[in-house]
Amino acid sequence: MRFSIEKTVGRARAGLLETPHGIVKTPFFMVVGTAASVKGMTIEQLRSAKTQVVLANTYHLAVRPGSEEVQKRGGLAKFMGWNGPTLTDSGGFQVFSLAKKRKVTPEGVRFNNHIDGKELFLTPERAVEIQQDIGADIMMCLDECPPAKAPRDEIRKSMLLTHAWAKRCRDKWAENPGAQALFGIAQGALFEDLRKESAEYLASLDFPGYAIGGVAVGEDTPDIRRIVDFTAPLLPADKPRYRMGVGTPADLIAGVRAGVDMFDCVMPTRHARHYQAFTRTGPINLKNACYAEDDGPLEEGCDCETCRSVTRAYVRHLALLGELMASVWVTIHNVRFYLRLMEDLREAILAGKFEERAAGLYMG
RNA sequence: GCGAAAAUAGCUCAGUUGGUUAGAGCGUCUGACUGUGGCUCAGAAGGUCGUGGGUUCGAAUCCCAUUUUUCGCC
C-alpha cells in the first residue's frame, strides 16, 4: 500500500493512498457499514455521495454470515456490490461494546456472540486470518479497548496486551502479506506517557499505517482532542494515521489539524436514524416542531440527493410516522455532509489555506 | 318508549374492601447518541375522574338526579 503526501499545512496533510480497489484522497472519512451494509443507503447512493471507503466489522461478519462465506462470494467489496476500497475493524471495539458477552485472556478474546450465543474465539492470529478471508484493503490489529476511565494500572496492562497482540498480528500477516495492508493500533487512554510508549512501540513494528484507538469510549471531548493532538505527531509521518471512531464534524477538523488522515464514525448514520441532521451551523433534530412548516432543504447549499429532493417539513412528517424513508433521507444527507466536509478540508490544505478556511467549515 | 352497560390524559384503558401529590401504553414535546446488536435510550408536558347535588373526617370509588354513548327489547 503506497501513501504519498501532496501538501502539508502545519500538521495537516493532504495525500493519496493507493489501495487494491483504487486511489483514496486523504484526509478522508470512512462510512461505517458494520455488517457489509451502510444502514439506510444503497451502493448507488454511496457513490453519488462520493464515498471513498466503506468500513465493515470483523466480529459481526465472522458471526454472520461467516468470513469463509464472504470469501466465497468474492470478498467484502464484491459481496456487498461496492467494489471499492474497504477497511475492516478487527473486533477490538466489541471487546468494549459487548463487554458482557466476552472474556479476555492473554491468548485472545472469547465471545459468546449476540445472535445465537455460539462461541467465537478471536486470537490475534485468527483476527488476521478472518480479515484475510473477508478481504478488505486495510485490516486492523486485534486490540483491547478498555473503558477510558479505567485506573492507570489497568490501562497500562491492557496496553501491553494490545502491544503483544499487535506483534502477533503483524507476524501472522507477514507470513503472507498479499495486497492487504495491516494497521497497528495505539492505546494508552488519557495518559500521555502511555500514549507515547504505545506509539513508539507500534512504530517499531513497522506497520503500513497506524491508528489511534481507545478514543470514543467514554471520555469527554476536550480529552479526546488533547490525546489525539498529543498522539498523532508521535506516529510515523510517512504512514497514514487513522483516528478510530471519532467523531463530530468539529472533531474531524481538530483531527486533520493534528495530522490525522483517516476517520470513521457511526455518528452520521446513527444520528440520521434518530432524525438528527448535520448542518454547517450545527445539528438539527428534524422531529422538532419548529420544522413543521419549513419548506427549505435540510441544509441550504448542500448538493446531496436529499437536499435536492425533499424539504424539512416533509422529512419531519415522515419522521413522526416512523417511516423508513425519514431515516434514509437523513442518512443520505449526513453522509454527504461528512464527505463534503472532508473534501473541503482537503482542498483547503492543497490551497495552503487550512486554518483560514477550516474556521468557516463548521460553526456548530 | 323501556331495560342494561359505560363515561378517568389527545387516543386506548388501569385504578384493590372509600385513605397522601389519580397511573400505564400509544401520541405530542424535548434531549442523548463518537472503531453500530438494537429506527434505540432518557426526560417533560398533559386530567375540575361527563355534569350537578348528597353521604363521609375523607369520594374516581357509595347514593340520587341529569347528559351523552353503546348494546338489547318493544
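Below, read A as the first sequence line, B as the second, and so on, with proteins coming before strands; counting in each chain starts at 1.
With P as the reference atom, U40(B) and C49(B) are 36 Å apart, rounded to whole Å. Rounded to the nearest Å, the gap between the C1' atom of C57(B) and that of G18(B) is 12 Å. Spacing between U68(B) and U51(B) at atom C1', rounded to whole Å, works out to 10 Å. Comparing the same atom, P, in G3(B) and in A44(B) gives a spacing of 49 Å after rounding to whole Å. Using P as the reference atom, G50(B) and A22(B) are 15 Å apart when rounded to the nearest Å. Comparing the P positions of U12(B) and G19(B) gives a spacing of 26 Å, expressed to the nearest Å. To the nearest whole angstrom, the two C1' atoms, one in G31(B) and one in C63(B), are 50 Å apart. A distance of about 40 Å separates the C1' atoms of G27(B) and C73(B), rounded to the whole Å.
Under a 3.5 Å cut-off, the side chain of Thr231(A) and the backbone N or O of Ile227(A) do form a donor-acceptor pair. A donor-acceptor pair under 3.5 Å is formed between the side chain of Arg346(A) and the backbone N or O of Gly15(A).
Using a 3.5 Å distance cut-off with no hydrogens or angles, the side chains of Thr248(A) and Asp251(A) do pair a donor with an acceptor.
Residue-level contact check: Arg102(A) touches neither bases nor backbone, having no heavy atom under 4.0 Å from any strand. Asn57(A) comes within 4.0 angstrom of the backbone, heavy atoms only, and of no base. The residue Gln94(A) sits close only to the backbone: its heavy atoms come under 4.0 Å of sugar-phosphate atoms, none of a base. Counting any heavy atom pair closer than 4.0 Å across all strands shown, Glu219(A) reaches no nucleic acid atom. Residue contacts shown for Leu87(A) are absent, as no nucleic acid heavy atom lies under 4.0 Å away. At the heavy-atom level, Asp251(A) lies under 4.0 Å from base atoms of the strands shown. Looking at heavy-atom distances under 4.0 Å, Thr34(A) makes contact with a base. At the heavy-atom level, Ser97(A) lies under 4.0 Å from the strands shown only through sugar-phosphate atoms. At the heavy-atom level, Gly214(A) lies under 4.0 Å from base atoms of the strands shown. Within the nucleic acid shown, Lys287(A) comes within 4.0 Å of sugar-phosphate atoms alone, with no base atom in reach, counting heavy atoms only.
Rounded to whole angstrom, the span from the CZ atom of Phe29(A) across to the P atom of U36(B) amounts to 11 Å. In this structure, the CD1 atom of Ile115(A) is 15 Å from the P atom of U36(B), given to the nearest Å. If you take NZ of Lys39(A) and P of U40(B), they are 12 Å apart, rounded to a whole angstrom. For Leu320(A) and U30(B), the CG to C1' distance is 13 Å, given to the nearest whole Å. One interatomic measurement links the two molecules: CE of Met41(A) to C1' of C39(B), which rounds to 17 Å at whole-angstrom precision. In this structure, NZ of Lys100(A) is placed 11 Å from C1' of G38(B), rounded to the nearest angstrom. Spacing between atom CG of Leu321(A) and atom P of C26(B) amounts to 16 Å, rounded to whole angstrom units. The CG-C1' distance, from Asp220(A) to A32(B), rounds to 15 Å in whole Å.
Of the candidate nucleotides C29(B), U36(B), G37(B), G37(B) has the atom lying nearest to any side-chain atom of Leu98(A).
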With salt bridge (charged side-chain N to carboxylate O under 4.0 Å, His left out) as the criterion, how do Arg126(A) and Glu129(A) come out once you've worked through the C-alpha distance, each side chain's angles and the decisive distance to 0.1 Å?
CA-CA 5 Å; Arg126(A) 186 73 193 120; Glu129(A) 279 174 3; 2.9 Å; yes
Assess the residue pair Cys290(A) and Asn288(A) against the criterion (side chain to side chain contact (heavy atoms under 4.5 Å, CB included)); give the C-alpha distance rounded to whole Å, side-chain angles, the decisive distance to 0.1 Å, and a yes or no.
CA-CA 5 Å; Cys290(A) 58; Asn288(A) 287 5; 3.9 Å; yes
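Using a 4.0 Å cut-off, some side-chain N or O of Asn288(A) falls inside it from OP1 or OP2 of U30(B). An OP1 or OP2 oxygen of C29(B) is reached within less than 4.0 angstrom by a side-chain nitrogen or oxygen of Arg316(A).
Both Leu324(A) and Cys290(A) lie close to RNA chain B; mapped to their nearest nucleotides by heavy-atom distance, the more 5′-ward contact belongs to Cys290(A). Along RNA chain B, the nucleotide closest to Glu323(A) and the one closest to Cys141(A) are compared, and the more 5′ of them pairs with Cys141(A).
Taking all atoms of both residues into account, the shortest heavy-atom contact from Ala49(A) to Met41(A) is CB-CE, 4.2 Å. Taking both residues in full, the closest heavy atoms of Cys265(A) and Val32(A) are given as O-CG2, 3.4 Å, listed atom of the first, atom of the second, then distance.
Remark: C71(B) base-pairs with G3(B). Criterion, Watson-Crick or G-U wobble with two distances under 3.5 Å. Across all strands shown, U40(B) forms a Watson-Crick or G-U wobble pair with A32(B), both key distances being under 3.5 Å. Base pairing of C11(B) is made with G25(B), judged by Watson-Crick or G-U wobble geometry with both donor-acceptor distances under 3.5 Å. Here A59(B) sits opposite no nucleotide as a Watson-Crick or G-U wobble pair (both hydrogen-bonding atom distances under 3.5 Å).
Ring-base stacking between His274(A) and C39(B) is not satisfied when judged by a centre separation under 5.5 Å and a plane angle under 30°. Residue-nucleotide stacking is not present for His60(A) and U36(B), judged by a side-chain ring centre under 5.5 Å from the six-membered base ring centre and planes under 30° apart.
Between Tyr338(A) and His333(A), the ring center distance fails the sub-6.0 Å criterion.
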